[in-house]
Enquirer: 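Please see the structure below; I have some questions.
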There are 2 protein chains.
Amino acid sequence: MEVGSQAGRNAWQGLSDAFNSECPAREVLDHITGRWGMLILAALGEEPQRFSELHATIGGISEKMLSQTLRTLVRDGLVERTVEHTTPPRVSYELTSLGQGLTKSLEQFLGWIRQHTIDVVAAQHRHDRQR
Amino acid sequence: MEVGSQAGRNAWQGLSDAFNSECPAREVLDHITGRWGMLILAALGEEPQRFSELHATIGGISEKMLSQTLRTLVRDGLVERTVEHTTPPRVSYELTSLGQGLTKSLEQFLGWIRQHTIDVVAAQHRHDRQR
DNA sequence: CAGCATCCAAAAGGATACTG
DNA sequence: CAGTATCCTTTTGGATGCTG
């Protein structure tokens, strides 16, 4: 994707499919940017984790949503599910190579949030005080 | 917010705040990754646009959601709203410098989606056929 | 432990009509 | 043009109880 410095040129042209609600890219975007997708991917970006570990890592998620979101990510080929048939069973989740590539590109974004949350909160206060 | 006790365990340590449902970072994450936030930011990442232009660019969004999401992004200090009091009025939206930094880090992620949507769709089919 | 099923409450979102 | 207001439907998500 060329970020052309040409005036009036659409550098996002290659993304026009995500802007199209009919394109599968939109569905992929929704899966990842759903309320829990990114957090799960970020958690797994560090290391494989078991169901209960993920549940503990990600604050506020219910078992239902964790399970549901994981199934979606597995179906999308971003996460792999591995079962050890012990008693009690161990089920661990890890990123596929596809998921690793994605998570890498997510890092910057999540890093930005960590660094600039304070700026956003300041902006919110400024905005609220001003009316 | 340094938590160094668990040595070497969490490469995402700096993000532990996003994992905490009580932290404002979670709210920022939700605003941006809400259904329309990213698409609006991506659209504005190219150039300032008017309300109706955004509405045309982003497939499937209603005026209500566009308006609502824009207000949130303006409050968060990511987007600036400019009114020209002509008749009919012109209202244009553009990224603030804060929003520009964010959108830059978003580029990679959105680029990944564009490039790998096809892989995800293939994985979905493989998964569905296999059961 | 790792989940699925069910029920229910809450939030998100769309359609439509209307305003400055 | 750029919204707002209202109503209503759809989706999301949490709590709970139950399995292998």
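Convention: sequence-line order gives letters A, B, ...; per-chain numbering from 1. Predicted model only: the values in this text are computed from it and were never measured.
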Enquirer: Between B:Phe109 and A:Phe109, how do the two ring planes meet: parallel, tilted or perpendicular, split at 30° and 60°?
Expert: parallel
Enquirer: Expressed in angstrom and rounded to an integer, what is the separation of A:Gln68 atom CD from D:dG13 atom P?
Expert: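 My rounded result for the distance is 8 Å.
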Enquirer: Backbone N or O of B:Ala43 within a donor-acceptor pair of the B:Gln49 side chain at under 3.5 Å?
Expert: yes
Enquirer: Is A:Ser67 close enough to C:dG3 that one of its side-chain N or O atoms is under 4.0 Å from OP1 or OP2 there?
Expert: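 No, because none of the side-chain N or O atoms of A:Ser67 sits under 4.0 Å from OP1 or OP2 of C:dG3.
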Enquirer: Just the rounded figure in Å: distance from P of C:dT6 to CD of A:Glu63.
Expert: 17 Å
Enquirer: Expressed as a whole number of angstroms, how long is the span from A:Met65:CE to C:dC8:C1'?
Expert: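 That distance rounds to 15 Å.
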Enquirer: Taking CG from B:Leu66 and C1' from C:dA15, how many angstroms apart are they, rounded to a whole number?
Expert: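 So the two atoms are 16 Å apart, to the nearest Å.
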Enquirer: Drop me the distance from B:Lys104's NZ to B:Leu102's CG, to the nearest 0.5 angstrom.
Expert: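 If I round to the nearest 0.5 Å, the distance is 12.0 Å.
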Enquirer: Can you tell me if the side-chain N/O atoms of B:Ser52 get under 4.0 Å from OP1 or OP2 in D:dA2?
Expert: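 Yes, because at least one side-chain N or O of B:Ser52 sits under 4.0 Å from OP1 or OP2 of D:dA2.
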Enquirer: With DNA chain C as reference, determine whether A:Tyr93 or B:Arg35 sits nearer its 5' end, using the nearest nucleotide of each.
Expert: A:Tyr93
Enquirer: Quickly work out the B:Ile40 CD1 to D:dA2 P distance and round it to whole Å.
Expert: 14 Å
Enquirer: Which pair of non-hydrogen atoms, one from B:Thr103 and one from B:Leu41, has the smallest distance, and what is that distance?
Expert: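 What the structure gives for the nearest pair is CG2-O, 3.8 Å.
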Enquirer: Whole Å only: how far is the CZ atom of B:Arg26 from the C1' atom of D:dG13?
Expert: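 To the nearest whole Å, that distance equals 13 Å.
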Enquirer: Indicate whether OP1 or OP2 belonging to C:dC1 is found under 4.0 Å from a side-chain N or O atom of A:Arg50.
Expert: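 No.
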Enquirer: To the nearest Å, how far apart are B:Lys64 NZ and D:dT4 P?
Expert: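 So the NZ-P distance, B:Lys64 to D:dT4, works out to 12 Å.
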Enquirer: Which whole-number value in Å describes the distance from B:Leu70 CG to D:dA2 P?
Expert: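 It is 11 Å, rounded to the nearest whole Å.
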Enquirer: Measuring to OP1 and OP2 of D:dA2, would you say a side-chain N or O of B:Arg81 lies under 4.0 angstrom away?
Expert: no
Enquirer: With a 3.5 Å distance limit and no angle check, can you tell me whether B:Arg26 reaches the backbone of B:Ala18 through a side-chain donor-acceptor pair?
Expert: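 Indeed, once roles are kept as given, a pair shorter than 3.5 Å links the two residues.
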Enquirer: B:Arg71 side chain N/O closer than 4.0 Å to the phosphate oxygens (OP1, OP2) of D:dG3?
Expert: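 For B:Arg71, the contact criterion (side-chain N or O under 4.0 Å from OP1 or OP2 of D:dG3) is not met.
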Enquirer: Below 4.0 angstrom, which residues in residues 82-91 of chain A have at least one non-hydrogen atom near DNA chain C?
Expert: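 DNA chain C contact set from residues 82-91 of chain A: A:Pro88, A:Pro89, A:Val91.
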Enquirer: If you group Ile, Leu, Val, Met, Phe, Trp and Tyr by side-chain heavy-atom gaps below 4.5 Å, do B:Val74 and B:Leu54 land in one group?
Expert: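 Hydrophobic grouping puts B:Val74 with B:Leu54.
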Enquirer: With respect to A:Ile40, which candidate in A:Thr69, A:Leu78, A:Thr57 satisfies the side chain to side chain contact (heavy atoms under 4.5 Å, CB included) definition?
Expert: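 Only match with A:Ile40 under side chain to side chain contact (heavy atoms under 4.5 Å, CB included): A:Thr69.
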